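Below you'll find the structure, written out as structure tokens, and then a few comments.
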Number of protein chains: 2
Amino acid sequence: MTSQTTRELLKRAEPDLTRAERQLCATLLHNYPMSGLGSITRLAEKAGVSTPTVVRMVQKLGFSGFPAFQAALRDELEAQISGPIAKHESWAGQAPEEHLLNRFTESVIGNIRQTLAQIDPARFDEVAALLADEGRRLFVTGGRITRTLAEYLFMHLQVIRPGVSLVPATSNAWPHAMLDMGEGDVLVVFDVRRYENTALKMAKLASKRGLKVVLITDQWQSPVAKHAACTFNCRIEAPSAWDSMVVVMLFCETLVAAVENRTWERTKARMSELEELFDATRIFRKFV
Amino acid sequence: MTSQTTRELLKRAEPDLTRAERQLCATLLHNYPMSGLGSITRLAEKAGVSTPTVVRMVQKLGFSGFPAFQAALRDELEAQISGPIAKHESWAGQAPEEHLLNRFTESVIGNIRQTLAQIDPARFDEVAALLADEGRRLFVTGGRITRTLAEYLFMHLQVIRPGVSLVPATSNAWPHAMLDMGEGDVLVVFDVRRYENTALKMAKLASKRGLKVVLITDQWQSPVAKHAACTFNCRIEAPSAWDSMVVVMLFCETLVAAVENRTWERTKARMSELEELFDATRIFRKFV
DNA sequence: CGGACACTGAAACAAATAGTTCAGAGTGGG
DNA sequence: CCCACTCTGAACTATTTGTTTCAGTGTCCG
């Protein structure tokens, strides 16, 4: 394929690029090749790097300068356009359509579409507001498969606001945790098929204590729904012996973003405090 | 049709144009819109007119100047290229396009598309084979954000085959775990930005001990790549203060499915054994 | 630790592009 | 045949774009 030469050039060169250059490279590949057709200034801005970085990179790729690079992009684009109409390409372009990468992705995209179509945005906003209310304590729980998702949600919420706890339904310690749960608090339950007994019991007890239960479950819906103030169903189908939690995670992340938007003023302070703590512990690298 | 506005603008304006302008117009329409994407000078040359003619004409068409005209062409081209796929309705049909649910999903789909386009299927299959090889012990590790993903992958792999361990990079117990790592074993490292020092150290030591290191990282690539036999980059952009791990999870699940396909005979037996154990512990509900 | 090295972007600089002016060529009507 | 009018491009100016230099910063390695 000569028509994709520059794209492949970018991909192949990527490992040898520096941090800023890789950032630029990613931007270029992101919506290839449109982002490269503007001026060097706008490309640099879009990628968040300086114009010298752009020049250095295209020279590293073998072009004499930015205009030469741009000309190559234009030529390829022209060849592509005048050529046969682009078919619906598979996701992993280099693999045949039946490759697992394509089949799995296809299935997950379908899950996303169907799940989103069913969600009531008003309900979603409602729950976001509930989770953003710092007057309420939050409890998050998940089962065998969903524990990691519960942890993921917990970790983010914990940074966003105070008063968040993770309650492992898989252990037998959860009745102790329930001692802290009071009227008006919120319990987020993850429960997907092979619905778990402990999840049901916990939700039942919690709703009796006056907690608002938010349930995140699959399309067949966990029996916890009976005790939940709000239920969200995510499609979890996949060409595998396992179910796919991708949509559940997408939902969690979106929820986190929504909560964060509502608490931003206070969250900002919490995050910068966290940042200082990280600096003090030197957990992270400063640069690549 | 808004997507062809400029082309139709040209066609409709043609009768009212002067000779030189019509010549220019014809050139533009001839291989629309490529001829308009170069500099004004080259367009003028190609059409055999002067640059003032070009400026006058685009102003006559209602653009403020040549750059504005060119920008319009680029935008149309972009819309045309990304094709009907990008033209989809909002994901959460009931919500306006600017609702976070739609914006977030949009962004994640973009991440998926771009990540998949970059993955080398051969490499993917290679790693799947590596993880399916029961002669090698497997170690999985992740950092602050990615720990949950590491756990998720671990949980699945553990069911699929024996000899899988989770090594928490966030604790200081990992050097102990390293005692068990030997030549030919595999270490799967998750490391996304705010790359962590422990991940790097662990990967370095592991590769020195003769382990194959598989790295799953973001588009900017963790420095662990230097010590990795195989690196996969996932786009993690999201309209949020946080990065999105959805694509990383998609990748993990696909990998799990691929490994499982290779070990299915033995995995089947393991899974039914697990089933019996579950029955014995009565963790799951028999019926909804 | 500390020196060598690599990466990055601000700023200065060079080159092209885009826009303007204006004189001359062409045209049509009186 | 001449005048008034429009159109056109050469030449100039202003602006933006592309390139180079250089100093600051962070990383690596002994």
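Quantities reported herein were computed from a predicted structural model and do not represent experimental measurements. Numbered from 1 within each chain, the chains take letters A, B, ... in sequence-line order.
- Under 4.0 Å is where a charged nitrogen must lie from a carboxylate oxygen, and between B:Glu106 and B:Arg103 no such pair does.
- In this structure, B:Glu21 atom CD and D:dT6 atom P are separated by 14 Å, rounded to whole Å.
- With rounding to whole Å, A:Leu43 atom CG is found 13 Å from C:dG9 atom P.
- Residue B:Arg56 places its side chain closer to D:dG9 than to any other of D:dC28, D:dG9, D:dT17.
- Under the side-chain contact (heavy atoms from CB on, under 4.5 Å) criterion, A:Ser50 pairs with A:Pro52, A:Thr53, sequence neighbours left out.
- Pairs of residues two or more places apart, or lying in two chains, that qualify as ring-ring contact (aromatic ring centres under 6.0 Å, His included) and include a residue from residues 35-66 of chain A are A:Phe63-A:Phe69.
- Taking atom CD of B:Glu45 as the reference point, atom C1' of D:dA10 lies 15 Å away to the nearest angstrom.
- Within residues 61-72 of chain B, the residues approached by DNA chain C to less than 4.0 Å at the level of any non-hydrogen atom are B:Gly65, B:Phe66, B:Pro67, in residue-number order.
- Following rounding to the nearest Å, B:Arg42 (CZ) and D:dT17 (C1') show an atom-to-atom distance of 13 Å.
- Backbone-only contact: A:Gln59 has heavy atoms under 4.0 Å from sugar-phosphate atoms and none from a base.
- The separation between A:Met57 atom CE and D:dT19 atom P is 13 Å, rounded to whole Å.
- Counting to the nearest Å, the P atom of D:dG26 and the CG atom of B:Leu200 are 18 Å from each other.
- Here B:Gln158 pairs with B:Phe154 under the side-chain contact (heavy atoms from CB on, under 4.5 Å) rule; sequence neighbours left out.
- Between B:Trp220 atom CH2 and C:dT8 atom P there is a gap of 14 Å when expressed in whole angstrom units.
- Judged as a side-chain contact (heavy atoms from CB on, under 4.5 Å), and not counting sequence neighbours, the contacts of B:Lys204 are B:His227.
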Heteroatom pairs (N/O) under 3.5 angstrom, protein to nucleotides 1-7 of chain C:
none

N/O-N/O pairs, protein side and nucleotides 11-16 of chain D side, under 3.5 Å:
none

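- Using a 4.0 Å cut-off between charged side-chain N and carboxylate O, A:Glu151 and B:Arg147 make a salt bridge.
- Judged as a ring-ring contact (aromatic ring centres under 6.0 Å, His included), and not counting sequence neighbours, the contacts of B:Tyr152 are B:His156.
- For residues 36-55 of chain B, no pair satisfies ring-ring contact (aromatic ring centres under 6.0 Å, His included), with sequence neighbours left out.
- Within the structure, side-chain hydrogen bond (donor to acceptor under 3.5 Å, both in side chains) contacts touching residues 208-218 of chain B (residues at least two apart or in different chains) are B:Tyr195-B:Asp218.
- Residues in residues 35-44 of chain A take part in these side-chain hydrogen bond (donor to acceptor under 3.5 Å, both in side chains) pairs, two or more places apart or across chains: A:Asn31-A:Ser35.
- Between D:dG9 and B:Thr53, a contact under 4.0 Å exists linking OP1 or OP2 to a side-chain N or O.
- Across the protein-nucleic acid pair, B:Arg22 atom CZ and D:dT8 atom P stand 9 Å apart, rounded to whole Å.
- Considering only residues two or more places apart in sequence or on other chains, B:Asp180 meets the side-chain contact (heavy atoms from CB on, under 4.5 Å) condition with B:Arg137, B:Phe139.
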